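These numbers were taken from a predicted model, which means no experiment stands behind them. Whatever order the structure lists ligands and atoms in, that order sets their numbers, starting from 1.
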Amino acid sequence: MTRLTTSDIHNLGSEIANYNSDLIKKTGSDMRTLVCFASGISAERFAEASRDYAVAVVPITSGQGLIGSFAESVQSIIEFLGYTSFVTEHTDVAGIAEAVERKAHLIFMADDDRFIVFNVGQGFYVDNAQATARGYVAALAHMAQGLSGEDVLVLGAGPVGQGAISFLKELGAQVKVFDIKQEKLARYQNDSQVFTELSLAEALRKYKYILDATPATDFIGFNDLHPEAVVAAPGIPLGLTAEAFARNKDRIVHDPLQLGVATMLAMAL
Ligand code: 2YC
């Protein structure tokens with residue numbers, strides 16, 4: 001899993017409204033609509049919960065330590081969605097204790113290996129990888145105006161790619177998956193809705209709808225892509241070259257944190 005840097009997210013909070021407008025332009029829907037679709041909850045339920053839920057974000061210093069503005073960025077996404085939220089004064093275990101003392105219903109926290117939101121009252125958690133997968137499939141489905149019966153190329157069969165494949169199957173898409181490590185595709189051998197692609201170049205040219213869930217960068221050039229390519233790219237850093245991004249940007253959804261965190265919130269209610 002790629003570790004964010006402060007520069008990836010330094011102005012996220014101040015830009016969140018612009019990010020949402022950009023999402024509406026590309027997908028026809030705002031973040032709330034996308035995350036309700038991704039999590040299967042109604043807009044009413046999402047709005048109703050915002051009136052009673054308090055959300056804590058706990059900075060975690062373990063491993064490689066804090067990422068500057070990470071906790072604040074997570075909190076700004078949650079706040080933008082209409083939920084009362086706070087970053088705890090304390091970090092780590094003391095931060096978790098503070099969150100519970102301050103009656104948080106949901107606690108967001110990330111170390112180097114996992115980024116989860118814990119639902120205190122109901123005793124379950126949601127993982128960022130699964131939420132990111134569903135949020136990005138939701139964005140792709142809205143850009144495509146529905147994916148039922150459509151071919152979708154998933155790049156990368158890691159946690160996000162696997163999560164995306166299962167949601168795409170739920171939506172009735174015909175999933176094509178490529179991974180540089182072919183052994184990661186073995187799990188799909190007997191799955192009639194998932195076809196494994198062995199040639200990246202061929203697959204990129206062939207399929208219009210792409211979900212890039214790889215941590216690889218700069219491997220998709222403009223000439224590699226289908227002329228009408230529509231790309232949902234949760235993978236950090238972006239797999240498209242700067243040129244490919246610039247020439248397709250109105251049909252590419254990519255962000256370091258926003259859609260994944262917003263979907264975590266909706267899935268944790
Ligand atoms: O500031 C803190 O609390 C740090 N412990 C946060 C570390 C997050 C590490 N994970 C990541 O950078 C990536 C993100 C893209 C989301 C999931 N993993």
K.L.:
Give a yes or no on whether the backbone of I252 and the side-chain of N248 come within a donor-acceptor separation of less than 3.5 Å.
P.N.:
no
K.L.:
When you measure from the side chain of D224 to the backbone N and O of I220, does any donor-acceptor pair fall under 3.5 Å?
P.N.:
no
K.L.:
Would you check if the side chain of T88 reaches a backbone N or O of E98 as a donor-acceptor pair within less than 3.5 Å?
P.N.:
no
K.L.:
With a cutoff of 4.0 Å, is I67 in contact with ligand 1, counting heavy atoms of the residue only?
P.N.:
yes
K.L.:
Looking only at distances, please establish whether an N/O atom of ligand 1 is found under 3.5 Å from an N/O atom of I60.
P.N.:
yes
K.L.:
What atoms in ligand 1 come closer than 4.0 Å to a heavy atom of G65?
P.N.:
4 (C), 5 (N)
K.L.:
Charged N to carboxylate O under 4.0 angstrom, K176 versus E202?
P.N.:
no
K.L.:
Would you check the N or O atoms of F70, main chain and side chain alike, for any that come under 3.5 Å of an N or O of ligand 1?
P.N.:
no
K.L.:
When only distance counts, is A110 in polar contact with ligand 1, meaning an N/O pair under 3.5 Å?
P.N.:
yes
K.L.:
Under 4.0 Å, heavy atoms only, figure out whether ligand 1 is touched by the backbone of D111, its side chain, both or neither.
P.N.:
backbone
K.L.:
Would L259 end up clustered with I41 when hydrophobic side chains under 4.5 Å apart are linked, directly or stepwise?
P.N.:
yes
K.L.:
One residue to check: I236. Relative to ligand 1, which of side chain, backbone, both or neither has a non-hydrogen atom less than 4.0 Å away?
P.N.:
neither
K.L.:
Would you say Q75's side chain and S85's backbone share a donor-acceptor pair under 3.5 angstrom?
P.N.:
yes
K.L.:
Are any of the side-chain nitrogens in K208 or D151 under 4.0 Å away from the carboxylate oxygens of its partner?
P.N.:
no
K.L.:
Just jot down the ligand 1 atoms closer than 4.0 angstrom to any heavy atom of P59, in number order.
P.N.:
3 (O)
K.L.:
If you measure from each non-hydrogen atom of N128 to ligand 1, which part falls under 4.0 Å: side chain, backbone, both or neither?
P.N.:
side chain
